[in-house]
Amino acid sequence: MERLSYEIEINAEPEKVWSVLWGDITYRQWTTAFTDGSFYEGVLEENNIIKFLDPKNNGMYSRVKKVIPNQEITFLHLGEIYDGIEVPQDWGEATEAYFLEENEEGTLLKTEIQTPAEFKEFFEEKFPKAMSLVKHLSENQL
């Protein structure tokens, strides 16, 4: 398992950053860094299953391990989705967590990812771009 972390300072309050991260329209905008047309299905409440999908119904599914609105959310990745079919994977503690810390500048957004080594390069290439898009959307939307 590889542990990756990223952080970015955003000149916006945590509530704004949270709404950019998880609002339907803005989620689709910042996740273009990973795949055009990305979206998710499900309700962001603890123990719920969330499906992260592309327009072809491929992606992955995860359980919400922890959620504190405007502060923290952690997903445990359970498997992949191919043509809408869930395929469990033995990824162990593959997690993706977002932490929002309010400060004088606005919000420090931190992400921590535990991922199998096979996905490390993908995340290292894509995640900084995604974080920059979250910053841009949070600072420039009304």
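We number each residue from 1, following the sequence as shown.
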Practice task
Could you tell me whether the side chains of Glu102 and Asn70 share a donor-acceptor contact shorter than 3.5 Å?
Solution key: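 Looking only at side-chain atoms, Asn70 and Glu102 do not form any donor-acceptor pair under 3.5 Å.
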Practice task
Can you establish whether the number of heavy atoms outside Asp90 located under 6.0 Å from its atom CG is more than 12?
Solution key: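 No, the 6.0 Å shell around CG holds no more than 12 heavy atoms from other groups.
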Practice task
Please indicate whether Glu121 has more than 12 foreign heavy atoms, meaning atoms of other residues, nucleotides or ligands, lying under 6.0 Å from its CD.
Solution key: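 Counting neighbours around CD of Glu121, 12 or fewer heavy atoms of other residues, nucleotides or ligands fall under 6.0 Å, so no.
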Problem - Heavy-atom donor-acceptor pair, Asn58 side chain to Asp83 backbone, under 3.5 Å - result: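 It does hold such a pair.
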Handout entry: Thr74 side chain to Thr95 backbone, donor-acceptor under 3.5 Å
Key =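 Here the side-chain-to-backbone pair does not exist.
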Practice task
Mind telling me whether Phe34 and Phe123 have parallel, tilted or perpendicular rings, with 30° and 60° as the class edges?
Solution key: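 Phe123 vs Phe34 ring planes: perpendicular.
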Practice task
Consider only side-chain heavy atoms of I, L, V, M, F, W and Y, link residues closer than 4.5 Å, and tell whether Phe127 and Leu4 are in one cluster.
Solution key: yes
Practice task
Give the cluster check for Leu21 versus Val67: same hydrophobic cluster or not, with ILVMFWY residues linked at side-chain heavy-atom distances below 4.5 Å.
Solution key: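 Yes, same cluster.
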Exercise for the section: Over all heavy atoms of both residues, which pair between Trp18 and Pro69 is shortest? Give the atoms and the distance, please. Expected result: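 Heavy atoms of Trp18 and Pro69 come nearest at CZ2-CA, 3.8 Å.
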Exercise for the section: I would like to know whether Glu124 and Tyr6 meet side-chain contact (heavy atoms from CB on, under 4.5 Å); could you show each step before the answer? Expected result: CA-CA 9 Å; Glu124 287 184 334; Tyr6 305 93; 3.5 Å; yes
Handout entry: Trp22 and Phe75 aromatic centres sub-6.0 Å
Key = yes
Exercise for the section: Any chance you could measure Gln114, atom CD, to Leu76, atom CG, to the nearest 0.5 Å? Expected result: 10.5 Å
